[in-house]
Chemist: 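Handing you a structure now.
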Amino acid sequence: MTEVGSLTLAVGLVLAAYGTVVALAGGWQQRRDLIASAEHAAFACWGLALIATAALLHALVTHDFNVEYVAAYTSSTLPLNYIIAALWGGQKGSLLFWLLILTSITAVVLLQNRERNRDLMPYVNAVLMAIAVFFFAMLVFITPPFERLAFTPPEGRDLNPLLQNYWMQLHPPSLYLGYVGCAVPFAFAIAALITGKLGDVWIRTTRRWTLFAWFFLSLGNLFGAEWAYLVLGWGGYWAWDPVENAAFLPWLTCTAFLHSVMIQEKKNMLKVWNMVLVILTFLLTIFGTFLTRSGVISSVHSFTQSGLGPFFIGFLALSAAVSLGLLGYRLRLLKSENELDSLISRESAFLFNNLVLVGIAFAVFWGTMFPIISEAVRGVKITVGPPFFNKVNAPLGIVLLFLTGVGPLIAWRRAGWQSFRKNLLPPLLAGLASGVSLAALGMRSLWALTSFSIGVFVLAGIVFEYYRGVRARQAVAGENAAVALLHLIGKNRRRYGGYIIHVGVVMMYFAITGTAVFRQEQQITLSQGQSFELGGYTLRYDGVEQESTPHIAYLRAKVALAQDGRDIDVLKPEKRFYKKPEQPTTEVAIRSTLSGDLYLVLGGFDEDTKLVTLLAYVNPLISFLWYGGLVMALGTAVVMWPAAVPVREPRTVRLRAPEPAVVD
Amino acid sequence: MRARHLALSGLLAGLLCGGAILHGWAAAPPSFQELEESLTCQCGCGLTVHSCNHLQCDSALPLRAEIREQIKLGKSKEQVLAHFADKYGEKILSSPTRTGFNLTAWVMPFALVLVGGVFVVLVVVRWTHRRPASPGPGAKGAAQAPSEHQKILERELEEFES
């Protein structure tokens with residue numbers, strides 16, 4: 001099977017190169033036979049990537065330790081789910097997985113557009129195939145996944161224990177779907193630049209793909225945070241690690257694009273800016289892939305250092321040069337009649353939202369790269385860690401949250417006093433009231449008061465918008481509240497789904513604020529029967545228990561948990577000792593409630609004294625981070641939900657939307 | 001002109017606020033946790049000394065002991081951090097210092113947003129001026145004195161579009 005895998009990759013490289021050239025030629029000469037041939041090549045590449053992936057999975061599952069990748073990332077005792085996860089657990093497999101997603105998405109895009117966008121599709125195919133050429137080439141020449149060893153080791157080195165976690169099965173696939181999904185709007189944007197068809201067709205066509213990419217980037221980041229929270233055992237979920245930052249960057253620019261594109265759709269403005277954002281987002285996905293693999297910056301997430309770095313830099317530079325060159329070439333066509341009615345308008349709010357999002361992206365990029373810049377300029381290696389990112393991004397994040405509230409409420413075109421009083425004043429007062437109440441209740445942190453007050457302002461604005469919409473429907477169509485709400489959302493899923501996403505964002509802000517400002521922690525060494533208190537809980541150490549499987553040896557501390565004098569739970573934080581890589585890991589125990597988590601880490605156990613050392617953290621509101629993610633997912637589903645076949649409504653019940661709808 | 005003044009005032013206010021924040025941070029009294037968070041653990045975990053959860057960490061434990069010693073000496077935060085930077089090199093600090101070239105690390109993100117903000121304000125004002133003061137084909141003199149109908153229309157549009 002591995003020979004088949006190697007062969008399919010080599011054939012795939014040739015076919016992808018053929019597809020790129022022929023698609024370009026077909027588009028240029030308007031020859032249907034060439035265009036069709038290039039599309040067939042793309043489908044063939046998808047099939048070949050699928051076979052190659054199946055071949056590697058086969059080698060992994062059958063423990064073919066003669067294959068270097070299998071020996072490096074699995075063992076005969078590794079559970080099947082982690083054997084499958086090993087596909088993206090190492091450098092070579094993850095690149096193959098990247099390629100599989102790319103070719104699959106290319107096939108879906110081609111199938112979706114069989115009957116439409118025929119002038120754009122040859123170039124879309126060419127761009128996606130050109131990206132595939134790069135990944136095929138990496139897999140054939142630089143990191144061949146089917147490389148065999150000169151001997152067959154009796155056992156594999158096993159998957160890194162830190163990766164043997166449920167969330168690692170979801171985090172990389174989600175992130176890759178997000179990364180690769182960004183290639184679709186990029187390909188359409190480049191096709192639009194090549195053909196000069198710079199209207200909003202490419203934007204309308206890629207709207208769902210952009211949301212798809214954004215959705216999976218969001219999930220990927222969130223799953224990564226969950227993994228870090230459970231596995232790394234330091235009580236936090238985001239350490240501003242370079243690789244975390246690399247995944248966050250395209251999310252920021254993609255979010256900016258999702259907002260600014262609305263202005264292009266509505267006002268036919270910002271065409272150049274939107275192109276820049278699409279190109280930047282794609283380049284940042286490649287940058288993220290490069291950063292993970294190049295070893296240029298040390299990170300706990302990085303793959304082993306390899307020779308991939310220069311090739312990725314080359315690909316990045318080439319992609320930037322071609323796309324920005326095309327943008328420059330078409331600049332004149334992209335100029336639009338930029339007209340606005342007022343500085344105080346929703347259009348302006350969106351522009352400022354874009355500015356802050358890009359500003360945060362720059363701050364993250366700048367901080368991530370600053371150690372390299374500093375070394376180049378001063379010859380001094382420095383560290384840019386969490387304190388820098390928190391201090392720089394916190395004020396920008398607060399401004400962004402405020403704009404999240406203002407954007408949907410401020411009027412399009414021009415917001416006057418009437419509109420301010422009607423739309424913005426009530427939520428502003430609600431936010432202010434919440435701030436005053438929290439201060440009266442004893443909250444003294446200015447950051448927390450600001451964040452919670454603005455969060456309440458955003459939520460109040462959304463509730464107000466829903467309320468107004470439902471009342472309008474009730475008044476005109478005579479519907480009951482539930483039906484009116486459903487119809488309201490159904491009639492403008494993009495707007496009201498977007499509000500749901502904003503609710504999720506606010507929940508995440510609450511979680512970030514809660515954990516950053518009000519976290520409590522304690523490290524303590526106890527003998528059996530001793531207890532301590534933290535965050536309203538009483539924790540009593542009740543001894544340890546041990547267990548061993550062929551794969552892992554476990555040491556668990558039993559900690560009885562009481563609240564208000566009542567036993568409520570028993571937590572069992574673990575130390576695991578993985579037998580194959582001979583590596584200890586920490587498995588935290590968490591008692592999770594809506595108001596916060598009690599997070600318990602077994603630090604150590606002394607066999608002689610029988611003393612146990614525990615690290616305990618109380619993370620207020622952290623559940624809002626995960627539930628906020630769920631709410632965001634729900635909102636995205638609403639926005640992406642396919643439109644029903646339009647049915648003409650009888651005149652008597654036809655409603656005017658409260659806003660000129662930007663329907664999906 | 002008004003827009004330019006507005007933009008420049010915004011820029012100035014932003015710079016002052018940024019400066020005040022930076023100064024506030026620098027002048028904050030040191031605490032053990034604050035100093036722990038200002039230093040990077042050298043064990044390779046990539047976390048701060050405070051966050052490193054390797055209980056027997058060869059790096060975090062001695063660093064914590066040294067922080068306690070420095071606090072006992074009554075030093076300010078800057079003095080303690082300078083001590084660690086001198087002894088272990090700048091890479092031990094978890095964030096860049098606010099002097100010399102390192103200052104650009106702190107200033108650039110805010111400068112970009114502030115300059116971008118000024119740019120956005122100026123551009124939006126320019127785009128706003130491209131529109132006639134009061135629209136309406138054939139409405140002679142409407143720019144000077146909007147009619148009652150015009151006012152009603154504007155008000156309704158505002159409510160409709162909000």
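Throughout, a chain's letter reflects where its sequence line sits, starting with A, and its residues are numbered from 1.
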Chemist: Mind listing the closest non-hydrogen atom pair of B:Val113 and A:Leu355 along with its distance?
Modeler: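 In this case the closest contact between B:Val113 and A:Leu355 is O-CD2, 3.5 Å.
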Chemist: With salt bridge (Lys or Arg N to Asp or Glu O under 4.0 Å) as the test, would you mind laying out the steps for A:Arg378 and B:Glu90 before giving the verdict?
Modeler: CA-CA 12 Å; A:Arg378 297 169 59 214; B:Glu90 257 186 72; 2.6 Å; yes
Chemist: Mind ranking A:Pro386, A:Ala239, A:Gly385 by heavy-atom pairs under 4.5 Å with chain B and telling me who comes out on top?
Modeler: A:Gly385
Chemist: So what's closer than 4.5 Å to chain B heavy atoms on A:Leu396: side chain, backbone, both or neither?
Modeler: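 When you check distances to chain B, only side chain atoms of A:Leu396 fall under 4.5 Å.
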Chemist: Check whether A:Thr383 reaches the backbone of B:Ser94 with its side chain - one donor and one acceptor, N or O, closer than 3.5 Å.
Modeler: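 No, the answer is negative, given that no donor and acceptor are paired below the 3.5 Å cut-off.
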Chemist: Measuring only between side-chain heavy atoms, which start at C-beta, is B:Ser95 closer than 4.5 Å to A:Phe389?
Modeler: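 No, every pair of side-chain atoms sits at 4.5 Å or beyond.
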Chemist: How about CG on A:Asp606, more than 12 heavy atoms from neighbouring residues, nucleotides or ligands closer than 6.0 Å, or not?
Modeler: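 Buried by this count: over 12 neighbours within 6.0 Å.
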Chemist: On a heavy-atom basis, which atom in A:Phe388 and which in B:Pro96 lie closest, and how many Å separate them?
Modeler: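 Between these two residues, the closest heavy atoms are CD1-CD, 3.9 Å.
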Chemist: Using non-hydrogen atoms and a 4.5 Å limit, figure out which bit of B:Ser51 sits close to chain A: side chain, backbone, both or neither.
Modeler: both
Chemist: Is there a donor-acceptor contact under 3.5 Å from the side chain of A:Trp366 to the main chain of B:Thr104?
Modeler: yes
Chemist: For chain B, which of A:Leu351, A:Val364, A:Val380, A:Val377 has the most heavy-atom pairs under 4.5 Å?
Modeler: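 That would be A:Val377.
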Chemist: Between A:Phe370 and B:Phe101, is the ring centroid distance below 6.0 Å?
Modeler: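 So the answer is yes for these two rings.
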Chemist: For the pair B:Trp106 and A:Lys391, evaluate side-chain contact (heavy atoms from CB on, under 4.5 Å) and give the outcome as yes or no after the intermediate values.
Modeler: CA-CA 9 Å; B:Trp106 294 97; A:Lys391 282 173 186 166; 4.0 Å; yes
Chemist: Counting only heavy atoms not in B:Phe119, do more than 12 sit closer than 6.0 Å to its CZ atom?
Modeler: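 Counting other residues, nucleotides and ligands, CZ of B:Phe119 stays at 12 neighbours or fewer.
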Chemist: Would you mind checking which part of A:Val384 comes under 4.5 Å of any heavy atom in chain B, side chain (CB onward), backbone (N, CA, C, O), both or neither?
Modeler: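 It is both, since atoms from each part get that close.
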Chemist: Does a side-chain heavy-atom distance below 4.5 Å link A:Glu375 with B:Lys91?
Modeler: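 Side-chain contact under 4.5 Å: no.
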Chemist: Can you tell which part of A:Glu347 gets under 4.5 Å to a heavy atom of chain B, answering side chain, backbone, both or neither?
Modeler: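 For A:Glu347, no heavy atom lies under 4.5 Å from chain B.
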Chemist: Let's test your reading of the structure: which of B:Thr97, B:Ile92, B:Leu112 forms the most heavy-atom pairs below 4.5 Å with chain A?
Modeler: B:Leu112
Chemist: Under a 4.5 Å heavy-atom cut-off, does chain A meet the side chain of B:Leu93, its backbone, both or neither?
Modeler: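 It is the backbone, since no side chain atom gets that close.
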